[in-house]
Amino acid sequence: MSEMTAPTTSDRGFFGEAKYPGIFGWIFSTDHKRIGLLYFWCIFFFFCVGAFLGLLIRLELFAPGETIMGAQTYNAVFTLHGVIMIFLFIIPGIPAAFGNLILPIQIGARDVAFPKLNLFSWWLYITGAILAVTSLFTGGGPPDTGWTFYVPFSAQTSTNVSLAAIAVFILGFSSILTGLNFVTTVHRLRAEGMGWFRLPLFTWALYSTAWVQILATPVIGITVALLFAERVIGTGLFDPTQGGDPIMFQHLFWIYSHPAVYIMVLPGMGVVSDIIPVFSRKPAFGYKAILISSLAIAFAGSLVWAHHMFTSGISDLAVMVFSFLTFIVAIPSAIKVFNWLATMYQGSILLDPPMLFALSFILLFTIGGLTGLVLGSAATDVHVHDTYFVVGHFHFVMFGGTGMAFFAAMHYWLPMIYGRMYDKTVATVAWGVMMIGFLILYISMKVVGMQGMPRRYYDYVPEFTGLNQLATVGSWILAVGLVLLFANIIRGLFWGDPLEANPWGSASLEWQVSSPPPTENFDEDPVVTHGPYDFKQAGIL
Amino acid sequence: MNPQPLITTTEAVDKAFYIIFGISGVMLLGVTVVMIYFVWRYNRKRYPVPLSQKNTNLWLETTWTIIPTILVMVMFWYGWEGYLSLRNIPDNAVPIHASARMWSWLFTYENGKTSDKLYVPVGQPVKVQLTAEDVLHSFYVPAFRVKRDTVPGMDNYVWFVADQPGSYDLFCAEYCGVGHSAMITTVEAVPAAEFSAWLAAKPAVSDAGKNLLQKHGCLGCHSLDGSPMVGPSFQDIGGRQVVVISDGESRTLTRDRDYLEKSILEPGADIVEGFPPSMPSYAGRIPEEDLTGILDYLTGLKGEQQGDKATPERDALEPVEAEAEAEAQEPGQAAEPAEAAGPGDFVSQGENLAGKNGCLGCHSTDGSRRVGPSFKGLMGSERTVVKDGQEITVSADADYLIRAIREPGVEIVQGYPAAMPPYPQLSDEDIKALQAWLETLK
Amino acid sequence: MSGHVHKDYTGAKFGMWLFLFTEILLFGGLFILYSVYLSRYPQEFISAGKELNVWFGGGNTLVLLTSSLFVAVSITALRRGAKRLCLGLLGGTIVCAVIFMVNKYFEWSAKIDHGIYPGSAHLKEMLPGEMVFFNIYYLTTGLHGIHVVIGALILAWTMALVKSDKVNANDWVILENAGLYWHLVDLIWIFIFPLYYLILH
Amino acid sequence: MTEEHSHIVPYKTFLIIWFALLILTGITIAVAQYNLGALNIWVALGIATLKAGLVVSVFMHMQYESYLFKLSLLSALAILAIFIGFTFFDVLYR
Ligand code: HEA
Ligand code: HEA
Ligand code: CUA
Ligand SMILES: [Cu+2]
């Protein structure tokens with residue numbers, strides 16, 4: 001790419017200039033990097049809270065009967081764990097944090113298309129988060145519905161579901177604004193020479209995701225709004241005694257929430273697609289196939305929602321159609337996996353932490369995805385639906401997939417943003433510990449699910465004790481790994497060694513600016529002369 | 001629909017499992033091996049400079065699009081085939097009705113017999129009709145690979161066949177609130193002969209009464225199985241308590257014979273709470289003898305229920321049940337048979353009521369904590385309860401029991417949620433029976 | 001590209017359109033429910049639909065279509081330099097919005113006086129399909145009403161901008177976007193009207 | 001930014017469209033008085049779609065916008081149609 005600014009690490013870049021003093025310089029800043037960091041740290045914080053709750057769940061399930069909390073508390077805890085992880089961590093995770101930080105620089109823009117809207121969307125996020133937290137301590141106490149809010153239970157329970165519904169509505173709005181911003185940015189603000197097929201795959205992934213955010217999220221908005229109306233004014237659109245149909249709630253819920261799982265994973269795939277070429281020193285194999293599969297997943301992902309409802313009493317025809325389409329969506333994912341592997345072929349592979357996380361994404365996502373196929377198949381889903389097998393599946397794809405991609409992005413890009421490097425050895429050790437804990441934890445869940453242990457069970461029959469204990473022990477190992485990982489990266493970002501220029505040897509635009517990047521990213525408008533993986537032209541090879 | 005010999009649901013589903021796991025295993029192994037191999041083979045230590053910059057190969061890309069497509073189609077097909085086996089009920093399936101509510105199951109057999117465990121004959125398919133009384137639940141028997149939600153306002157079903165006698169876990173798999181994980185019971189598969197003996201042990205509901213109800217169209221609005229339709233269900237109606245609205249005032253009545261007669265002849269006088277005043281009067285439209293027949297039947301429905309599980313049929317099942325308990329060892333799922341049989345019918349009637357009304361979904365009998373306090377050692381003890389925000393101590397006597405069941409929201413046992421629903425349908429007599437049984441749980 | 005010098009009109013409009021898509025899908029959720037329940041309870045929807053007054057609905061249709069015309073013309077007016085006309089038309093649109101809401105108020109209060117509103121005792125006596133019809137009717141028109149109010153507020157704000165020449169013949173994209181929003185409100189109503197008020201008379 | 005000064009639509013066009021919209025409204029109301037069975041809903045929807053089309057293309061200037069706009073609108077509507085349509089795989093065949 002164009003050599004316009006010699007990468008330097010001396011000045012403090014965008015950290016140095018602020019419109020307002022102190023904290024206001026952050027929470028009123030419209031700079032995409034500052035907003036990105038606001039998002040990042042909030043999301044990071046909520047991940048820690050959510051993970052801590054996950055730890056509590058595991059402790060309770062260490063033995064049958066009451067271990068550390070009562071049934072009502074347990075139900076509130078897993079609901080909160082799910083809501084935090086989904087709406088506060090994983091959906092905004094990569095797009096809002098890393099998308100904001102990286103996307104504009106990657107395509108040679110000075111900011112996103114609507115900087116004020118971007119700031120507003122962060123405010124919405126934080127408002128939603130505060131409301132979600134408030135719902136724990138007000139009204140009838142913490143919601144106990146599970147993150148799926150199924151009626152009629154959610155319409156009847158005396159806990160504070162109404163406030164949680166408002167929170168979800170607002171968070172959805174925030175997610176929409178981020179998506180809207182990215183689509184417009186990609187269409188309008190690409191630098192000169194940045195043709196569509198020179199966009200980094202991370203940008204492509206975010207672009208596909210953004211469309212899903214725009215077109216699917218409103219549906220969850222209306223769904224929770226209807227739930228709110230059902231609770232507050234008694235419009236019984238889902239209430240069978242008023243002629244409503246509870247199954248319709250599930251349709252509306254999953255019309256959003258299935259596409260949402262691709263909102264969760266597509267950006268992660270984008271991160272992996274950007275990291276693997278850099279650490280293999282090879283252009284992304286099948287660039288077009290990967291970007292087309294991103295778009296295909298975004299589109300086809302909107303057609304399969306009812307696979308969450310195979311046992312609910314939907315028609316057999318619907319079961320057939322949705323099962324069939326579910327398998328179709330697996331194909332673009334498969335294409336990506338194969339392309340990533342092919343990228344490594346005949347490369348020059350360096351196992352630095354970002355690459356380690358990217359590779360564990362491939363492994364864990366494949367395991368999670370393949371168990372997704374078990375769920376997509378009608379007969380087998382009947383057995384494992386709403387068991388720990390499903391819990392295992394989604395932790396593999398969400399934590400093992402997107403979570404790992406999030407960590408990969410942290411280790412890959414944050415040094416560039418902060419201008420400092422973490423300790424790679426510690427990161428590698430932490431990664432190893434995490435992987436061991438992860439596999440023990442979630443494989444046990446899948447096995448106990450196959451044996452028939454239903455999910456959202458506060459208590460279980462004694463046959464399941466052994467595997468549950470194994471899982472709990474796994475969660476401790478995982479916890480050790482995570483704490484080490486986080487401590488290391490925080491230490492590195494604030495107190496680590498100054499970063500050398502373009503440390504990973506990437507050909508993409510975001511590594512050509514100085515680090516930390518200056519406020520408007522580029523001193524003069526960049527002109528792009530080669531693709532993001534063209535290591536030869538970039539002078540890296 | 002099913003080819004002979006009958007394949008069990010377990011076999012039908014497991015076939016799909018093997019195929020999908022098989023393919024997945026191969027793919028996973030392939031991906032992992034290739035990944036590790038590349039990392040080792042093309043490590044930067046070995047190749048500081050990549051061997052090539054190749055980034056596309058149409059032939060390869062087509063192959064790895066087509067092969068997965070074929071593989072997933074295979075998976076889809078077997079999954080769908082297995083699903084069809086779950087949906088196509090064999091002709092000779094025994095119909096049983098399952099009603100799910102927070103947080104217990106009630107099974108009703110064709111002859112009107114009810115039970116809180118699901119008894120099925122070995123080797124013969126059963127079709128379980130599923131309804132829900134409050135929120136979503138899900139009928140799940142892992143051993144038979146069947147699961148189906150119970151949805152309010154909707155009729156679902158599952159079928160399965162048990163090919164081995166035994167006791168199999170039956171879980172509620174759809175989250176339904178605080179008692180969700182306690183909504184467990186068992187499928188008791190017993191030899192066909194034993195099953196028929198058990199089923200017959202109690203006189204079936206007389207058909208004559210049912211025919212009369214049918215004839216006069218009562219069953220268009222009232223069910224016999226406990227599910228509310230336009231009007232309240234006839235199940236367990238005689239003698240039970242009911243809250244009615246008379247002239248805008250709400251009061252509690254016992255559904256004795258006179259009440260029932262008045263409800264038929266003058267339906268507008270007392271309206272059962274929660275139902276519309278839409279029943280027409282039958283005064284002059286029902287012959288005297290038919291009315292008598294109906295009243296006998298309605299009051300009798302209760303009498304028969306109470307006789308349920310009297311000694312003969314218990315005997316018939318004794319061995320199986322003992323065996324089941326030895327195997328499952330579930331705390332509090334069933335009281336010790338010896339104890340129940342002890343002080344006579346009254347006690348076993350109480351136990352039976354506790355099972356059927358779902359008390360055991362929330363209360364254990366072995367001292368362990370569930371949603372509510374354990375029944376063990378309850379009667380006669382000192383209880384700390386919260387009333388109007390004040391902590392007070394009361395002793396658990398007969399009167400306390402009545403208060404606890406009629407108005408559970410008034411005195412809340414300290415440390416427990418106010419989650420127990422009121423039970424207006426339990427008559428004073430029922431509560432006495434419950435008490436007699438509770439007394440035995442020292 | 002020197003994005004920071006000029007305003008990116010196309011970008012701004014495109015962003016607005018994207019936002020309109022989300023609005024369409026928000027209402028889309030209600031239309032999904034409508035279609036499902038219509039197919040389940042065709043007779044009840046007809047009998048319940050008869051209770052709605054075509055004149056209220058039809059009147060409001062005229063009001064909204066006219067207001068849309070005003071907004072559309074106001075943009076041309078502004079661009080041709082007729083600022084007074086533009087302001088007048090925008091004022092007219094807001095008046096239309098008020099008429100619409102007053103009309104809606106009378107319509108709703110007539111219904112509520114008849115005891116037809118979500119959760120009412122009278123509603124509970126109706127057939128299930130009719131209950132669904134009225135519930136979804138209140139939700140849809142209610143949500144639409146909220147949009148009318150928001151739209152009017154946006155237009156009022158735009159008027160202020162036009163007045164102070166912040167929005168002018170050379171820089172009118174805010175007016176354009178406010179107009180787009182208002183047209184969306186009209187668009188939704190174009191579908192609500194036949195589906196609720198005219199269903200098989 | 002070349003397309004800054006896009007088409008200025010003359011007043012007359014708007015008036016014509018407005019008039020057409022009124023007529024179409026009249027037609028829907030008129031048609032609704034006849035019982036066409038299941039066809040009623042489709043006729044009503046058809047006319048509504050026509051009206052919406054006029055509003056979108058002229059009042060909202062879609063007609064003068066680039067392909068990107070048109071294509072996006074089309075995808076949004078297609079997705080909505082899919083959401084409704086696919087739900088019927090369940091609802092119609094239960
Ligand atoms: C990041 C989020 C994410 C992702 C990416 C996925 C991906 C997939 N999911 Fe998952 N899913 C969830 C999150 C996610 N899911 C969540 C949160 C739930 C539970 C919600 C709740 O109830 O609380 C859930 C539940 C869920 C169900 C419902 C289960 C039930 O409740 O009964 C189903 C059923 O079909 C399903 C299927 C799939 C499939 C087929 C994929 C596919 O996209 C996977 C595709 C990937 C691969 C197939 C692996 C890679 C491919 C290869 C290595 C090639 C070789 C493979 C072939 C032979 C093709 N998922
Ligand atoms: C991205 C999403 C995500 C992630 C990362 C996780 C992470 C974890 N989850 Fe999560 N989980 C969900 C999303 C996620 N979960 C969802 C959506 C549900 C469904 C909810 C529902 O049913 O409605 C669910 C449900 C769920 C269940 C099922 C509950 C039930 O059905 O009864 C269980 C049970 O074990 C569980 C466990 C865990 C564990 C042990 C972790 C671990 O990975 C956590 C690892 C972390 C640690 C062990 C702690 C590390 C410590 C720190 C980071 C420092 C913290 C410090 C301070 C707070 C000061 N989760
Ligand atoms: Cu009943 Cu869960
Ligand atoms: Cu899904």
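Everything numeric here is computed off the predicted structure, so don't read it as measured data. In what follows, every chain begins at residue 1, and chains take the letters A, B, ... in the order their sequences are listed.
Residues A/Ile255 and C/Ile32 meet the side-chain proximity criterion, which asks for heavy atoms closer than 4.5 Å. Side-chain contact check for A/Leu226 versus C/Leu30: some heavy-atom pair is nearer than 4.5 Å. No side-chain heavy atom of A/Asp239 sits under 4.5 Å from any side-chain heavy atom of C/Met131.
By the 6.0 Å contact criterion, CH2 on C/Trp55 is open, its count of non-hydrogen atoms from other residues, nucleotides or ligands being 12 or less. Sparse packing is recorded around CZ of A/Phe169, with 12 or fewer heavy atoms of other residues, nucleotides or ligands lying under 6.0 Å away. Counting non-hydrogen atoms of other residues, nucleotides and ligands closer than 6.0 Å to NE2 of C/His114 gives a total of 12 or fewer.
Ring orientation note: the planes of A/Trp211 and C/Phe14 are nearly perpendicular, at an angle over 60° on the 30°/60° scale.
Both the backbone and the side chain of A/Asp245 come within contact range of chain C, judged by heavy atoms closer than 4.5 Å. Only the backbone of A/Thr241 comes within contact range of chain C, with at least one heavy atom under 4.5 Å from a heavy atom of that chain. Of the two parts of A/Ala229, only the side chain, counted from C-beta on, holds a non-hydrogen atom closer than 4.5 Å to a non-hydrogen atom of chain C. Interface remark: A/Phe182 contributes no atoms to any contact with chain C (heavy atom separation under 4.5 Å). For A/Leu252, the part sitting under 4.5 Å from any heavy atom of chain C is the side chain, from C-beta outward, and nothing else.
Here the straight-line distance linking atom CD of C/Glu23 with atom CD1 of A/Ile176 works out to 8.5 Å at 0.5 Å rounding. Considering CG of C/Leu25 and CD1 of A/Ile220, their distance stands at 13.5 Å, rounded to 0.5 Å. From C/Asp8, atom CG reaches atom CG of A/Leu189 across 6.5 Å, with rounding to the nearest 0.5 Å. Atom-to-atom distance recorded for A/Ile222:CD1 and C/Phe27:CZ is 7.5 Å, nearest 0.5 angstrom. To the nearest 0.5 Å, the span separating OG1 on C/Thr10 from CZ on A/Arg188 amounts to 4.5 Å. Atom CG of A/Leu177 is separated from atom CG of C/Leu18 by 11.0 Å, given to the nearest 0.5 angstrom.
Within the 3.5 Å criterion, the main-chain N or O of A/Gly243 finds no donor-acceptor partner in the side chain of C/Tyr37.
Across all non-hydrogen atoms, the minimal contact from A/Pro218 to C/Thr22 is CB-O, 3.2 Å.
Within residues 132-146 of chain C, the residues having any heavy atom under 4.5 Å from a heavy atom of chain A are, by residue number, C/Val132, C/Asn135, C/Ile136, C/Leu139, C/Leu143.
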